[in-house]
There are 2 protein chains.
Amino acid sequence: MQESATRRRASTRERLLDAAREVLADTGIQGATVEQICERAGYTRGAFYSNYASKDDLILDLFMREKDRMLIALRSAVEDKLEGGDIGSIAHVLDRFVTSQPTDRTWFLVHQEFVTHAVRQHRIADVYAELWEQTHREFGDVIDAACQALGRRLTIDLRDATRLLIAIFDATLRDAFLGSDADEADLTAMREQIPTLLLALSEPAER
Amino acid sequence: MQESATRRRASTRERLLDAAREVLADTGIQGATVEQICERAGYTRGAFYSNYASKDDLILDLFMREKDRMLIALRSAVEDKLEGGDIGSIAHVLDRFVTSQPTDRTWFLVHQEFVTHAVRQHRIADVYAELWEQTHREFGDVIDAACQALGRRLTIDLRDATRLLIAIFDATLRDAFLGSDADEADLTAMREQIPTLLLALSEPAER
DNA sequence: CACCGTCGATACATTGACGTATCGAATACA
DNA sequence: TGTATTCGATACGTCAATGTATCGACGGTG
């Protein structure tokens with residue numbers, strides 16, 4: 001059977017992708033060399049070229065894996081938050097949702113590269129577009145549900161509200177890592193702002 | 001005199017920086033080669049090494065020039081808008097201010113590189129910090145003045161409001177360039193949102 | 001247990017980017 | 001106009017990264 005062979009193959013690919021993620025955060029896509037990636041993964045370049053045709057090939061694979069992982073995490077976070085039924089304050093819902101997102105330096109840098117690369121290359125842009133659309137949908141659902149649970153209705157378009165919150169989230173991460181060399185972003189300020197903002201942008205729902 | 005000599009020198013540096021800006025937008029900091037930059041500037045590598053010790057050296061110079069240019073443009077835009085005395089609606093003030101900022105693809109990509117680089121390298125981070133702080137101050141002044149002129153008072157911290165608007169601005173650019181390969185970002189949606197947002201986040205000032 | 005195929009390591013040739021050293025030309029100054 | 005200096009071009013050596021080709025080892029299979 002080729003099962004075991006391909007399983008081994010899948011395993012080394014995982015290790016290569018994990019290593020690529022780290023190296024990429026350190027030195028950027030262009031700065032990362034195949035050798036660095038292999039070294040960190042515990043392989044030599046032979047293993048690499050046995051699995052990927054080029055660095056670009058691996059990058060694309062990494063992007064797709066990142067996208068899938070993010071969406072899975074996002075979706076499970078949404079389900080955790082929404083299906084509990086026991087929704088507390090609007091602060092709690094969004095707060096726990098937001099803090100369930102990865103906020104570490106490596107993640108930020110990888111996705112920063114992701115965006116930049118996507119703006120330049122159309123092949124990547126397609127992958128990103130799907131991630132983007134799904135993220136919007138899931139995030140929008142949470143906001144929507146939170147408002148309903150609190151008996152409020154947005155005074156602006158749900159889509160705009162979603163974009164707004166995502167924008168705040170991204171800017172907060174960026175500012176955090178620009179301002180300090182901590183490994184985790186400090187989100188306390190944002191966690192206070194978001195509920196305030198949502199209250200300001202909604203009104204009691206007529207019933 | 002050495003005046004003319006240094007003037008010539010300054011001129012080639014300008015051309016090198018202009019070229020670097022474009023190449024950098026195309027291929028990123030790491031991807032850009034000294035040769036590419038020189039070629040686009042109409043020089044050979046000899047001219048480069050006569051002016052800069054390394055690519056990093058030039059990058060730092062470019063960042064400082066970009067920073068200075070941005071702040072000058074920002075400041076003159078603020079003066080234009082505020083000293084007219086004839087402030088129309090809140091939409092007009094912020095609208096004209098926001099649209100006075102550069103919103104082209106090259107600009108976006110260069111500053112995307114800028115941020116990513118600053119997160120990784122502390123020397124760059126210092127330059128960025130100054131840009132960031134000044135931008136905040138200028139932008140905050142505009143918001144403040146706009147509110148006063150309209151007889152409204154923010155219900156949230158001015159600093160938070162500023163961060164909010166900048167976050168929207170940045171996210172709008174990013175989304176625009178991710179979504180299409182246009183050379184100029186479409187800002188119409190944002191230009192409608194911002195006044196709405198500011199109204200929602202302020203109340204009539206007691207007088 | 002022996003065979004076969006896959007996977008990863010090693011060695012090699014090639015490319016291209018870098019930085020230096022040297023040369024020629026343009027420009028300033030007497 | 002002659003001379004000195006500065007700036008940019010050319011040519012070179014060096015080094016690092018790439019991709020390929022080959023070899024050995026390990027694992028599945030009859």
Side-chain angles (χ1 to χ4, degrees), chain A residues 1-63 65 113 117 120-121 123-124, chain B residues 1-63 65 113 117 120-121 123-124:
Chain A
M1 239 165 79
Q2 65 185 143
E3 170 88 9
S4 181
T6 58
R7 189 180 302 171
R8 180 182 174 195
R9 210 172 173 72
S11 149
T12 77
R13 283 197 185 168
E14 282 296 302
R15 281 171 62 189
L16 283 174
L17 289 177
D18 288 341
R21 224 187 92 102
E22 295 175 21
V23 173
L24 205 138
D26 282 351
T27 65
I29 292 180
Q30 315 255 17
T33 69
V34 173
E35 179 109 29
Q36 280 176 309
I37 295 172
C38 295
E39 194 178 4
R40 191 171 297 219
Y43 291 107
T44 62
R45 293 202 346 278
F48 179 89
Y49 286 106
S50 161
N51 281 278
Y52 294 103
S54 65
K55 195 172 77 177
D56 276 1
D57 197 12
L58 171 132
I59 296 294
L60 187 60
D61 201 17
L62 177 63
F63 281 175
R65 197 189 66 163
E113 295 284 330
H117 217 57
R120 291 205 187 99
Q121 300 210 357
R123 239 192 355 177
I124 304 287
Chain B
M1 241 166 78
Q2 65 184 147
E3 169 88 7
S4 182
T6 57
R7 190 180 301 171
R8 179 182 173 195
R9 211 173 173 71
S11 149
T12 78
R13 281 197 186 168
E14 281 296 302
R15 281 171 63 190
L16 282 173
L17 289 177
D18 288 342
R21 223 186 93 102
E22 296 175 21
V23 173
L24 206 138
D26 281 351
T27 65
I29 292 179
Q30 316 255 13
T33 70
V34 174
E35 179 109 29
Q36 280 176 309
I37 295 172
C38 296
E39 194 178 4
R40 190 170 299 219
Y43 290 108
T44 61
R45 293 205 344 279
F48 180 89
Y49 285 106
S50 161
N51 281 277
Y52 293 103
S54 65
K55 195 172 77 177
D56 275 1
D57 198 12
L58 170 131
I59 295 295
L60 187 60
D61 201 18
L62 177 63
F63 281 175
R65 197 189 68 164
E113 294 283 330
H117 217 58
R120 291 205 187 98
Q121 298 209 0
R123 237 190 359 174
I124 304 287

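Chain naming here is simple, since letters A, B, ... match the order of the sequence lines and numbering starts at 1 in each.
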> Hey, is A:R65 close enough to A:D18 for a salt bridge, meaning N to O under 4.0 Å?
Replying inline: yes
>> Checking B:Y43 against B:I37 for the side chain to side chain contact (heavy atoms under 4.5 Å, CB included) test, could you report, in this order, the C-alpha distance in whole Å, the side-chain angles of both residues, the deciding distance, and whether it holds?
In response: CA-CA 9 Å; B:Y43 290 108; B:I37 295 172; over 6 Å; no
> Taking it one step at a time, do A:E22 and A:R15 satisfy salt bridge (Lys or Arg N to Asp or Glu O under 4.0 Å)?
Replying inline: CA-CA 11 Å; A:E22 295 175 21; A:R15 281 171 62 189; over 6 Å; no
> Distance-only, no hydrogens or angles: does the A:Q30 side chain make a donor-acceptor pair with backbone N or O of B:T27 under 3.5 Å?
Replying inline: yes
> Ignoring hydrogens and geometry, is there a side-chain-to-backbone donor-acceptor pair from B:T12 to B:R9 under 3.5 Å?
Replying inline: yes
> Does the pair A:R21 and A:D26 meet the rule for a salt bridge (Lys or Arg N to Asp or Glu O under 4.0 Å), with working shown?
Replying inline: CA-CA 9 Å; A:R21 224 187 92 102; A:D26 282 351; over 6 Å; no
> Among residues 14-21 of chain B, which contact DNA chain C at a heavy-atom distance under 4.0 Å?
Replying inline: none
> Quick one: B:R13 CZ to D:dG8 C1', roughly how many Å, whole number?
Replying inline: 14 Å
> Does the pair A:F48 and A:E35 meet the rule for a side chain to side chain contact (heavy atoms under 4.5 Å, CB included), with working shown?
Replying inline: CA-CA 9 Å; A:F48 179 89; A:E35 179 109 29; over 6 Å; no
> Reading nucleotides 9-24 of chain C 5' to 3', which nucleotides get B (base under 4.0 Å from a protein heavy atom), which S (sugar-phosphate only), which -?
Replying inline: BB------SBBB----
> Taking CG from A:N51 and P from C:dT6, how many angstroms apart are they, rounded to a whole number?
Replying inline: 14 Å
> Tell me: OH of A:Y52 to C1' of C:dC7, nearest whole Å?
Replying inline: 14 Å
> Taking atom P of C:dG5 as reference, at what distance in whole Å does atom CZ of A:R8 sit?
Replying inline: 16 Å
> Which whole-number value in Å describes the distance from B:R9 CZ to D:dG8 P?
Replying inline: 7 Å
>> When you measure from the side-chain N and O atoms of A:S50 to the phosphate of C:dT6, is any distance below 4.0 Å, counting only OP1 and OP2?
In response: no
> What is the distance from atom CZ of A:R123 to atom CD1 of A:I59, rounded to the nearest 0.5 Å?
Replying inline: 11.0 Å
